[in-house]
Amino acid sequence: MIDPEVQKNRSTTHEINSLIINRWSPRSFVPEEIGDTELFSLFEAARWAPSSSNSQPWRFIYAKRNSKNWNDLFNLLVDFNKQWCANASVLVVIVSRKNFEHNGQPSITHQFDTGSAWENLAIQAVSQGLVTHAMAGFDYEKAREDLEVPVDFEVVAMIAIGKKGLKEKLSPELQTREIPNTRKPLSEIVMEGKFGNKVEHHD
Ligand SMILES: Cc1cc2nc3c(=O)[nH]c(=O)nc-3n(C[C@H](O)[C@H](O)[C@H](O)COP(=O)(O)O)c2cc1C
């Protein structure tokens, strides 16, 4: 079922699974902890993503709120993200192995593979009534140093995970952005046969 708030703001031109459209990235979280059972189902979903040669380059470094590791991850964030991530239940740094384990050759698609794993996690979160929010707004070098990420791995992104809170709990500026956003039309992103070939009838 499509969430009423999503229904008001997003529309699809073709039928899709409601889990996909219901996923969005809010910034208001209820400042509560989540248990390992809930959290590890998210990592389990990520684990089943496809990857080149089944190389599974994704790695997830997490910290739960009120845990000893929380500040190490929280302190990586830029101030803009700190203001709303303070209430998240879990922060995760996603890193990705750049070379194949079996032959040491560079994997052209490791970030693509790791992106698939992140989306699996995000969709699983929707199914569990949780929300996720990916971030590039953090100090990548500090993440590598503070979390002791080996050189074979690239720091890709961070995510905040939690329970969606009330919009009213955010600052006025963030409240204006607390709304499911939309997307480019299919006619702009899908091309038949050659770059630039439009398929107008799909919108
Ligand atoms: C790789 C990546 C980095 C992002 N970085 C940030 C960020 O630093 N801060 C933030 O508030 N949102 C960030 N976002 C959230 C995007 O703005 C958001 O996903 C996009 O607007 C689409 O909206 P939706 O996720 O609600 O569908 C990021 C998303 C992705 C995928």
Side-chain angles (χ1 to χ4, degrees), residues 2-14 16-31 42 45-46 49 51 57-63 73-96 98 109-144 146-147 149 153-167 169-186 188-189:
I2 300 183
D3 176 86
E5 195 183 4
V6 168
Q7 181 101 55
K8 260 192 283 164
N9 294 288
R10 291 181 158 177
S11 63
T12 57
T13 46
H14 297 266
I16 58 170
N17 189 303
S18 57
L19 284 173
I20 295 169
I21 191 96
N22 283 340
R23 186 218 55 81
W24 67 285
S25 307
R27 294 190 177 86
S28 184
F29 292 94
V30 182
L42 305 185
S51 58
W58 46 76
R59 302 289 186 273
F60 303 93
I61 305 167
Y62 77 92
L73 272 71
F74 186 77
N75 287 335
L76 302 173
L77 298 168
V78 297
D79 288 345
F80 173 78
N81 287 331
K82 272 186 181 155
Q83 57 173 319
W84 57 269
C85 279
N87 287 338
S89 304
V90 184
L91 290 173
V92 183
V93 172
I94 303 180
V95 305
S96 182
K98 294 184 277 188
T109 61
H110 75 92
Q111 287 221 15
F112 177 83
D113 302 338
T114 296
S116 307
W118 135 250
E119 182 66 1
N120 269 14
L121 184 156
I123 297 291
Q124 177 67 27
V126 180
S127 79
Q128 294 179 207
L130 295 169
V131 293
T132 55
H133 197 133
M135 290 170 285
F138 69 99
D139 187 331
Y140 279 69
E141 266 318 300
K142 187 171 164 57
R144 174 177 295 287
D146 293 2
L147 309 184
V149 177
F153 288 82
E154 190 169 326
V155 177
V156 177
M158 284 185 74
I159 51 176
I161 301 171
K163 294 176 189 160
K164 189 170 167 312
L166 292 173
K167 177 177 164 173
K169 300 269 181 194
L170 291 169
S171 65
E173 191 241 318
L174 287 185
Q175 282 187 36
T176 62
R177 300 169 65 169
E178 192 75 344
I179 187 167
N181 56 17
T182 61
R183 290 296 185 267
K184 295 179 196 298
L186 276 182
E188 200 176 324
I189 62 166

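We count ligands from 1, going down the list as the structure has it; atoms in each ligand are counted the same way.
By the side chain to side chain contact (heavy atoms under 4.5 Å, CB included) test, Ser127 is found to be paired with Leu19, Gln124, residues two or more places apart in sequence or in another chain being considered. Applying the side chain to side chain contact (heavy atoms under 4.5 Å, CB included) rule to Asn181 yields the partners Arg10, Arg183; only residues at least two apart in sequence or on another chain are considered. Partners of Ser89 according to the side chain to side chain contact (heavy atoms under 4.5 Å, CB included) rule, which considers only residues two or more places apart in sequence or in another chain, are Ile34.
Although no hydrogens or angles enter the test, the distance criterion places a donor-acceptor pair under 3.5 Å between the side chain of His133 and the main chain of Ser25. Under a 3.5 Å cut-off, the side chain of Ser96 and the backbone N or O of His110 do form a donor-acceptor pair.
Aromatic ring orientation, Phe29 versus Trp84: parallel (interplanar angle below 30°, classes split at 30° and 60°).
Sorted by chain then number, the residues whose non-hydrogen atoms approach ligand 1 to under 4.0 Å are Arg10, Arg23, Trp24, Ser25, Arg27, Phe80, Asn81, Trp84, His133, Ala134, Met135, Ala136, Gly137, Asn181, Arg183.
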